[in-house]
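Presented below is the structure to which this report refers.
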Amino acid sequence: MLVAAAAIHHRARIFSTMSVVVRFAPSPTGFLHIGGARTALFNWLFARHHGGRYLLRIEDTDRQRSTEPAIRAILDGLDWLGLAADDPPVFQFQRVERHRQAALELLDQDHAYRCYCQPAELEAMRAEARAAGRVRAYDGRWRDRDPATAPPGVDPVIRFKAPLSGETIVADRVQGDVRFANDQLDDMVLLRADGTPTYMLAVVVDDIDMGITHVIRGDDHLVNAARQANLFEALGRVPPVFAHIPLIHGADGSKLSKRHGALGVDAYRDQGYLPEALRNYLLRLGWAHGDEEVISTERAIEWFDLDGIGRSSSRFDFARLGSLNAHYIKEAADPRLVDLVAPRLESDGHRIDETARARLEAGMAGLKPRAKTLVELADAALIYVRARPLPIEAKAAQLLDAAPDGLLQGAAAAFASLEPWSEVELEACCRRLAEEAGLGLGKLAQPLRAAVTGRSASPGLFEVMRVLGREEVAGRIDDALRGLGRNAAVQ
RNA sequence: GUCCCCAUCGUCUAGGGGUUAGGACGUCACCCUUUCAAGGUGAAAACACGGGUUCGAAUCCCGUUGGGGACGCCA
């Protein structure tokens, strides 16, 4: 009867008739880094694809290293990425009693035992194991020892009675069947001497209680999966489906971790990347759907599956992220981009009043195809928000110096009576002026650009002048003619 | 050291016995052009090595090398 029930349970999982429940389970010991963000994304996508639930569990059982700011950073990061959980987060430490109870149960059922080893003793065992070329460090010396022989005054830990022989097979959806000889999986600690649960115990108990059906996480947990599978069984449960995704490495191939300068997602936000660009980039890092590169979130949900996940690790490539970001900036609505760029300009000390805002919106169409990040976009937008006289950059100054005498004056005079003040009229006017002077359009446009923007490169000149308006353009040309803005400290 | 995983252009990858080995980013050239971008066209660029299996291996098997991960009273 029991067997039959288990079999039905198992089949249900296999045929995925039961709804999917996944979780992202970061430990709050630092910010949400890029690898964690991808794990969260894959979990989120998997849940959405299957119409299941995506939960967040904060693994804060390490009281020393868990911090409040880290929790906030993780929550903020997920929020910004659009990967907020479906339910309020589960804080693992709040479930200690349940974990403790599970450990005691295991003890009752002879699946666990008390171990009175001291740190120094364990240290010696580890050294010896390593020297002897064994993975398994703890030798199980308290496994069958009579607790009556326990040294006085020592608080014991509770260890799992792991199988000693045979092998544990992790049927991983990404890595395939991975076999571990049980003699290399040691009796892990479930409950510390101070009575707090370890990660190994807490994950399994929580995954059971939260009804987790699929565990999608980093490759670095693959060996843990074998240990946890045994724990699930000791607790009378079928383990969830595992999918261990390869890790992301730095551009040089080394490990991309907190300790190796990996950035938090907040850093990507600060550097001007759009969340949808980061999501698209992360999705394609380790997952593929044929030749598809630019994938909307809707498509990602439709297409995402575990089969598309590759088995080799990948390297982080900023150039590629940048190109995707440029794409999404181009796609983004102008008002949104203005909202994103305005605070950046303001924090750099530029005042964004009504006029500046209007100019930004009117000029955004010409600005956005030229930017790879919001940082670049904000910089390019300076031509619309700086107050006169504009600082003239060195290259622009050269263009001004090279302009034939009277050329700019002529343009200014022609602009004064130009009707209407439109791009086509502006262009027609400039072409006429250049032709009359026997010059190519570039010979006029370049110094004019320098005068009007203070730079040698900008969006289309006629567009810029149209956005700025007749009065502002006249003023800027006048400033340039009078040599204003030269040697100004550009900021 | 032991155990586990991985290996296609510089990077991300498609391809899973017969392909001119495909795409994207980056690079280079050209076109467009008032600048810079964007856009368009094109080029260079890869199956780590050695053995098998097979009529035929990038694809399957073994080994080597290289890379990565795990070996905590961290998660």
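By convention in this document, chain letters (A, B, ...) are assigned in the order of the sequence lines, proteins followed by strands, and residues within each chain are numbered from 1. Just so we're clear, the structure is a prediction, and the values are computed from it rather than from any experiment. When reading the values below, keep in mind they use all heavy atoms of this one structure, side chains included, and skip hydrogens, waters and symmetry mates.
- Pairing for B/rU27 is with B/rA43, a Watson-Crick or G-U wobble pair whose two hydrogen-bonding atom distances lie under 3.5 Å.
- Within 4.0 Å of A/S323, counting heavy atoms only, lie sugar-phosphate atoms of the nucleic acid but no base atom.
- Side-chain contact of A/N325 with A/T373: a donor-acceptor pair under 3.5 Å is absent, judged by distance alone.
- Below 30°, between 30° and 60°, or above 60°: for A/F316 and A/Y281 the angle between ring planes is above 60°, a perpendicular geometry.
- Protein atom CZ of A/R38 is 8 Å distant from nucleotide atom P of B/rU13, rounded to whole Å.
- Using a 4.0 Å cut-off, some side-chain N or O of A/R126 falls inside it from OP1 or OP2 of B/rC73.
- Here B/rU53 sits opposite no nucleotide as a Watson-Crick or G-U wobble pair (both hydrogen-bonding atom distances under 3.5 Å).
- Here A/G310 lies out of heavy-atom contact (under 4.0 Å) with every strand.
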Are there any protein N/O atoms within less than 3.5 Å of an N/O atom in nucleotides 3-10 of chain B, and if so, which ones and at what distance?
unit_1	atom_1	unit_2	atom_2	d
B/rC3	O2'	A/Q184	OE1	2.4
B/rC5	O2'	A/Q175	OE1	3.1
B/rC6	OP1	A/R311	NH1	2.8

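- The aromatic rings of A/H289 and A/W303 sit parallel to each other, their planes meeting at less than 30°, with 60° as the upper class boundary.
- Heavy atoms of A/P246 sit nowhere under 4.0 angstrom from any nucleic acid atom.
- Pair assignment for B/rU20 gives none, since no Watson-Crick or G-U wobble pairing has each distance under 3.5 Å.
- Counting any heavy atom pair closer than 4.0 Å across all strands shown, A/A193 reaches a base atom.
- Rounded to a whole angstrom, the distance from the P atom of B/rA58 to that of B/rA21 is 10 Å.
- The base of B/rU11 does not come close enough to the side chain of A/R320 for any donor and acceptor atom to sit less than 3.5 Å apart.
- For the pair A/F316 CZ and B/rG68 P, the interatomic distance rounds to 19 Å; values are reported in whole Å.
- Separating the C1' atom of B/rG10 from that of B/rG16 is a span of 25 Å, rounded to the nearest Å.
- Rounded to whole Å, atom P of B/rC71 lies 7 Å from atom CZ of A/R227.
- Partner assigned to B/rA38 is none, using Watson-Crick or G-U wobble distances below 3.5 angstrom.
- When the side-chain nitrogen and oxygen atoms of A/K330 are compared with OP1 and OP2 of B/rG39, one or more of them lie within a distance under 4.0 Å.
- Between B/rG15 and B/rU8, the two P atoms lie 14 Å apart (nearest whole Å).
- Note: CG (A/L247) to C1' (B/rC12) measures 16 Å, nearest angstrom.
- Going from atom CG of A/D139 over to atom P of B/rU2 covers 21 Å, rounded to whole Å.
- Taking for each of A/Q92 and A/S458 the nucleotide of RNA chain B with the nearest heavy atom, the 5'-most of the two is the partner of A/S458.
- Contacts of A/C115 with the nucleic acid, taken as non-hydrogen atoms under 4.0 Å apart, are absent.
- Rounded to whole Å, atom P of B/rG68 lies 17 Å from atom CG of A/L285.
- Heavy atoms of A/T196 sit nowhere under 4.0 angstrom from any nucleic acid atom.
- Map A/L122 and A/L441 each onto its nearest nucleotide of RNA chain B; the residue landing nearer the 5' end is A/L441.
- A donor-acceptor contact under 3.5 Å links the side chain of A/N224 to the base of B/rA75.
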Handout entry: side-chain hydrogen bond (donor to acceptor under 3.5 Å, both in side chains) evaluation trace for A/N182 with A/S165
Key = CA-CA 5 Å; A/N182 284 335; A/S165 57; over 6 Å; no
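- Across all strands shown, A/H221 has heavy atoms under 4.0 Å from base atoms, whether or not it also approaches the sugar-phosphate.
- Taking atom CZ of residue A/F462 and atom P of nucleotide B/rC36, one finds them 15 Å apart after rounding to whole Å.
- Of the N and O atoms on the side chains of A/Y116 and A/D155, not one donor lies less than 3.5 Å from an acceptor on the other residue.
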Practice task
Test side-chain hydrogen bond (donor to acceptor under 3.5 Å, both in side chains) on A/T196 and A/R63 and set out the steps.
Solution key: CA-CA 9 Å; A/T196 59; A/R63 303 316 289 165; over 6 Å; no
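- Within the 4.0 Å cut-off from OP1 or OP2 of B/rG72, not a single side-chain nitrogen or oxygen of A/T198 is found.
- Remark: B/rA48 base-pairs with B/rU64; criterion is Watson-Crick or G-U wobble with both hydrogen-bond distances under 3.5 Å.
- Among the candidates A/M210, A/R95, A/E105, the single residue satisfying the side chain to side chain contact (heavy atoms under 4.5 Å, CB included) test with A/V205 is A/R95.
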Exercise for the section: Walk me through it: do A/H244 and A/D172 pass the test side-chain hydrogen bond (donor to acceptor under 3.5 Å, both in side chains)? Expected result: CA-CA 7 Å; A/H244 288 89; A/D172 195 274; 2.6 Å; yes
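- Set against B/rA37, B/rC73, B/rU35, the side chain of A/P369 has B/rA37 as its closest nucleotide.
- Remark: B/rA58 base-pairs with no nucleotide in the shown strands. Criterion, Watson-Crick or G-U wobble with two distances under 3.5 Å.
- The base of B/rC71 is paired with the side chain of A/R130 by a donor and an acceptor separated by under 3.5 Å.
- Contact check, A/R431 against B/rU34: a side-chain N or O comes under 4.0 Å of OP1 or OP2.
- Side chains of A/H99 and A/D206: a donor-acceptor N/O pair is present below 3.5 angstrom, by distance only.
- Taking the P atoms as reference points, B/rC61 lies 11 Å from B/rC6, given to the whole Å.
- In this structure, B/rA70 and B/rU2 make a Watson-Crick or G-U wobble pair, each of the two defining distances being under 3.5 angstrom.
- Here B/rU13 presents its P atom at 12 Å from CD1 of A/I295, a figure rounded to the nearest Å.
- The closest side-chain donor-acceptor pair between A/R449 and A/S456, if any, does not fall under 3.5 angstrom.
- Pairing partner, B/rA14: none, since no Watson-Crick or wobble contact has both distances short of 3.5 Å.
- Here the side chain of A/S314 is nearest to one of B/rA37, B/rU34, B/rU13, namely B/rU13.
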